[in-house]
Protein chains: 2
Amino acid sequence: MKEKIPNLILIYDIPDDAKRTKIADACLDYGLDRIQYSAFCGWLPNSLQNELLQKIRRILGKKPGNVQLIPICNEDWRKRKVIDQTAKET
Amino acid sequence: MKEKIPNLILIYDIPDDAKRTKIADACLDYGLDRIQYSAFCGWLPNSLQNELLQKIRRILGKKPGNVQLIPICNEDWRKRKVIDQTAKET
């Protein structure tokens with residue numbers, strides 16, 4: 001089956017370590033891919049986007065945090081610019 | 001003058017503290033707004049997007065890091081979903 005082009009990115013700032021880990025797990029449960037430590041991308045229809053955000057809201061409770069789910073159309077995804085450098089083995 | 005709707009987000013994972021700070025400064029120099037600790041948004045034409053990425057590439061040098069500049073069209077920006085909770089004063 002052809003892999004779907006991502007239609008969203010989800011980024012977060014969560015100071016509480018345990019909450020942050022649970023939120024990352026929720027993103028993975030919804031099939032998102034980790035692209036950075038606190039950034040995921042993937043394809044979800046709008047109803048599942050809302051469901052995931054509700055889940056994140058419940059995990060976060062009253063703790064501080066900022067979570068942004070930003071839809072990305074195919075054209076924008078195609079135009080993204082990435083610098084990716086891994087640590088050199090010595 | 002009317003504030004321009006952002007046309008990009010820029011997110012990064014940079015392990016080196018000094019490099020990360022310099023890269024944040026570069027983003028601010030280009031007029032981007034910080035929306036999370038390692039995430040900025042703003043409006044830049046394509047030529048300045050490339051210029052900023054070149055600058056970031058120079059700052060990073062051979063250090064490890066992942067930087068993604070993702071164009072966001074107005075419609076997607078309008079449809080973004082944000083959870084924003086600040087720490088309660090006690």
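Just so it is clear, the model here is predicted, and its values are computed rather than measured. Residue numbers start from 1 in every chain, and the chains themselves are labelled A, B, ... in the order their sequence lines are given, proteins ahead of strands.
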field: Heavy-atom pairs under 4.5 Å with chain A, option from B/E75, B/R57, B/Q49 with the top count
entry: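 The candidate making the most pairs under 4.5 Å is B/R57.
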Are more than 12 heavy atoms from other residues, nucleotides or ligands located less than 6.0 Å from atom NZ of A/K63?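 No.
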ask   = In terms of heavy-atom contacts, does NZ of B/K81 have more than 12 from other residues, nucleotides or ligands at under 6.0 Å?
value =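 It does: B/K81 NZ has more than 12 such atoms within range.
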Legend entry - Under 4.5 Å from a heavy atom of chain B, the part of A/L8 involved: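 No part of it gets close to chain B.
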**Q.** A/D17 with A/R20: basic N within carboxylate O range, under 4.0 Å
**A.**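 Here A/D17 pairs with A/R20 in a salt bridge, since their nearest N and O are under 4.0 Å apart.
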Which region of B/I35, side chain (C-beta onward) or backbone (N, CA, C, O), has a non-hydrogen atom less than 4.5 Å from a non-hydrogen atom of chain A, or is it both or neither?
->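 Answer is both: backbone and side chain atoms of B/I35 are under 4.5 Å from chain A.
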Using a 4.5 Å cut-off on heavy atoms from C-beta on, say whether the side chain of A/L28 contacts that of A/F40.
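Counting from C-beta outward, A/F40 and A/L28 do come under 4.5 Å.
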